[in-house]
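Data first, discussion second: the structure below is written as structure tokens.
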Amino acid sequence: MKNKEVMETLRKNLIVSCQALEDEPLHSSFIMGRMALAAKEGGAIGIRANTVADITEIKKTVNLPVIGIIKKEYPDSEVYITPTMDEIDALVQSGAEIIALDATLRMRPKAAELNEFFKTVKEKYPKQLFMADISTVEEAENAEKLKFDFIGTTLHGYTENTKNQNIADNDFKFLKDVLNSITVPVIAEGKIDTPEKAKRVLELGVFCVVVGGAITRPQLITKAFSEKIKEV
Ligand SMILES: CC(=O)N[C@H](C=O)[C@@H](O)[C@H](O)[C@H](O)COP(=O)(O)O
């Protein structure tokens, strides 16, 4: 699929994140492939996935554009979503239409800084689409300057600066601030856990929306039920 086609396909649509880490009950590339198929049957137009193994299985199972990431922890950095060139190289090989990476201003492994790192990435892979996973408006503005193709709110609430914050707070105030600050397509991602929230972020003007756990992490879905009934 050409980049222009990918953009057109995803516009105003739903992407489902199909991820299960090693310590999760559904950890299995086969299962992630079936999750992607279920997502497609339900109307998803794209898939977000972690690891080359999962992406390969998903691409065998459904013909949908993929946002690929590799989550990898390094001892010298808090950055874990596609932190280094090793993960970028592997994702390019996997054929992921879009590669997402941590675009916070935190130090990357081996004391690398985002701006220098991403310049090198773009020089190496000028035709690849990239998504910036950010947590603050400042990071969104920086990612726009770096010429990322998409900016996602993925890490809002997951960094030291933003912990305890939720994208839906104050009728999506953070998201509105991001949308007012940049012109690059914004992808709403992270804790969009109801169909109503997905609709609301599209009304506010995001390019498309990614939903993960609320669709593909049954242990979290179950927890929401089991905790609710305890209120009785
Ligand atoms: C913070 C982080 O590591 N987020 C990850 C990024 O890929 C995934 O674990 C999330 O499931 C994904 O962003 C979708 O979000 P939610 O599952 O809340 O709909």
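Ligands are counted one by one from 1 in listed order, and the atoms in each one are counted from 1 as well. From a predicted model like this one, the values you see are computed outputs, not experimental measurements.
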Only heavy atoms of [X], strictly under 4.0 Å: list the atoms of ligand 1 that pass.
| X | value |
| --- | --- |
| Gly213 | 16 (P), 17 (O), 19 (O) |
| Tyr158 | 1 (C) |
| Ile69 | 7 (O) |
| Lys191 | 16 (P), 18 (O), 19 (O) |

Starting from [atom], find the nearest protein heavy-atom neighbour and note its residue, name and distance.
| atom | value |
| --- | --- |
| atom 11 (O) of ligand 1 | Arg217 NH1, 2.8 Å |
| atom 14 (C) of ligand 1 | Glu189 OE2, 3.6 Å |
| atom 2 (C) of ligand 1 | Tyr80 OH, 3.4 Å |
| atom 15 (O) of ligand 1 | Gly190 CA, 3.7 Å |

Would you tell me whether [X] and [Y] have side-chain atoms, one donor and one acceptor, within less than 3.5 Å of each other?
| X | Y | value |
| --- | --- | --- |
| Thr183 | Glu144 | yes |
| Asn161 | Thr159 | no |
| Gln19 | Lys71 | yes |
| Glu138 | Thr136 | no |
| Thr84 | Glu87 | yes |

Query - Between NE2 on residue His156 and CG on residue Asp133, distance to nearest 0.5 Å - result: 14.0 Å
Requested in this report: Pick whichever of Arg48, Lys71, Glu24 has a heavy atom sitting closest to atom 8 (C) of ligand 1.
Outcome: Lys71
Requested in this report: Check whether any side-chain heavy atom of Ile70 sits under 4.5 Å from a side-chain heavy atom of Leu91, and report yes or no.
Outcome: yes
Query raised in the report: Short N/O distance, under 3.5 Å, between Gly212 and ligand 1?
Result: yes
Query raised in the report: So is Thr154 polar-close to ligand 1, meaning N/O to N/O under 3.5 Å?
Result: no
Query raised in the report: Crowded around Asn63 CG? As in, over 12 foreign heavy atoms under 6.0 Å?
Result: no
Query raised in the report: So is Ala214 in contact with ligand 1, going by heavy-atom distances below 4.0 Å?
Result: no
